[in-house]
Amino acid sequence: MTATDRAPAVEKPGQLIEMSWDPITRIVGNLGIYTKIDFPNQRVAECHSTSSLFRGYSVFMRGKDPRDAGFITSRICGICGDNHTTCSIYAQNMAYGIKTPPMAEWIINLGEAAEYIFDHTIFQDNLIFVDFCEAMVKDTNPSVLARAENTPAPHADVHGYRTIADIMRSFNPFEGETYKQALKVSRITREMFCLMEGRHVHPSTLYPGGVGTMPTPTLFTDYLSRLLQVLDFVKKSVALNDDVFDFFYEALPGYEEVGRRRVLLGCWGAFQDPAVVDYRYESMNAWGKAMYVTPGVVVDGRLVTTDLVDINLGMRILLGSSYYEDWVGEEPFVTHDPLGNPVDMRHPWNQTTLPAPGKRDFGDKYSWVMSPRWLHPETGEHLALDTGGGAYARLYTTALADIVDTPYVRSTGHSVQIHLPRSHQLPEQTLEWRIPLWSNAIERDRARVYFIAYACAMALYFLERAMAGLRRGDLKVFQDFEVPDAAIGVGFHEAVRGVLSHHLVIRDGMIANYHPYPPTPWNGSPRDRFGTPGPYEDAIQDMPLFEENGPDDFRGIDIMRAVRSFDPCLPCGVHMYLGGGRTLQQAHSPMFGASHG
Amino acid sequence: MIRVGRPDVAPDAPAHVPGVPEGNEGDAFHNEPGFHPDGTVDARRSTGIDPSRRNPIVAAMPNLPPG
């Protein structure tokens, strides 16, 4: 079992009270968290995470033209759809045996960098910070707010807020300055994205083998001027985040246990290097390592691999608590990969989705999410990897791998250094993200703001490389390709909130099998057939509670902070077929207000 | 009531006019005017009206026609 072991607490006799949040607000999609809480001992005794949604992309992608895959799979998500398009294009490039011209690769990298800046900012400042705002803390931990009023902010010279409570006031939804500024920044960063990929969030100019964006000097200077506009905000954000999160450790001793689990992280890499990438499976290890965010698997703080072939072959989709029938009796699509390695029947290339709706039963089946696991080649464990909300795993693997070395971002083997140039108000700055002691809610949240800085710094580098190509007159952005009768492909990318893979099998020129695996199936998976809980369940189970409210007015703020730190993104707006011609339409309205803890 | 004219296009008229090149055709890169095999382009990529007058005046300058 790969669950986190904790020392047993000295128990007071207590009774368990069931508490559930379904759906959880301020995230995308339909996630339910069902817990049993031991109030006398102030801890969560048991947790189940469930999703009542069935999407069926892997079912209806079959038989379609593979060239449509990027456009269709983009609709999986309403906030990171472009990550799906990009990942699908990587998979198609492999299947068609083509590569994107360098200028087009820089354009895709610039678009994706803008997406990371946009999405992490809006999630952190407009959704996560509601959990840390003055109104929320006053409601759940009044003594902490009183202390914050008298605690000076260590980085007041950078962000301008005198005390920690002043920062918390700036997080208040709709009214606070940080909240309002983040909305403006999200508009500017979306414009940056649209310059490169045509439309947010479902790109109109991304295709296999290239882009439809015309590279011109104006295109890149328009992007650059917007990027420089947001740099002040980013530098201030890093200082704000550090101040607030450090304060929480100080004000609530033991807060590092909130949302803590074993360091089991996966990152599938982002930002291709056009000089190295050829999209051939045989050389995937080389071009995977050349990515500007290094892919890898980290177990207990040790980097197990950075080889995308190992990562690919270790993927297993397990059942156990999900509403599906097993597909082991179905025909395998891919028995061996192009290097001759055997491919397991539970690998996404061989998966057949066989939905079997049923009643929710926490002793048996209770979620539409399957249980993706990664088979550790040395120990044989099926690891429930999480993505740490994306940013945390990306920084962790990049820091440990010690490969990325650019003028703006450098990995040191134990940290990531991010260099940002002078901006309108603030001087140039070198930030350093060091590998933290814990994989917990606070560190996942903190990593997010550092990755915004990372994406800004990488965008500057991509701009320089693209402009250099432009000055040489290199304007090739697309190339011809033929759809083969039979082929396989895989794309590895990072959606904003973590690992993303698309596995594609083409037969008779059509899609025979297609399986996208976004981050939240990894993070929000239920217990698998070995009984291993998914990351949300593992992080929340046995977690101490610091909320001052009792059972009657309990808000579950610590549990919400733990869940939201993973940046859950279960897709929304789902159509569920109930049989007999009835269609259930389900709509989800996010509740922004602090009163909906 | 809003008065409208008689529709002059059948709703099922094909979106494509025969003879007009389609992006979906094979070998699209080589059939596009103004694109060179080495990745550079010339003004013909952007306009069909007297493109040669819109190329750079010095050979050392990159050819950067507008989008």
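Naming: A, B, ... by sequence-line order, numbering from 1 per chain.
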Notebook entry, point to check: Which bit of B:Asp27 comes within less than 4.5 Å of chain A, counting heavy atoms only: side chain, backbone, both or neither?
Noted result: both
Next item on the list: Considering only heavy atoms, give the residues of residues 33-40 of chain B separated from chain A by less than 4.5 Å, sorted numerically, with 'none' for an empty result.
Entry: B:Phe35, B:Gly39, B:Thr40
Next item on the list: Determine which residues belonging to residues 460-486 of chain A lie within contact range of chain B, meaning some heavy atom pair is under 4.5 Å apart, and list them by number or answer 'none'.
Entry: A:Leu470, A:Arg471, A:Arg472, A:Gly473, A:Asp474, A:Leu475, A:Lys476, A:Phe478, A:Asp480
Check: Heavy atoms, side chains only, cut-off 4.5 Å: are B:Leu64 and A:Pro217 in contact?
Finding: yes
Margin query: With a 4.5 angstrom heavy-atom cut-off, is it the side chain or the backbone of A:Pro102 that approaches chain B, or both, or neither?
Written below: neither
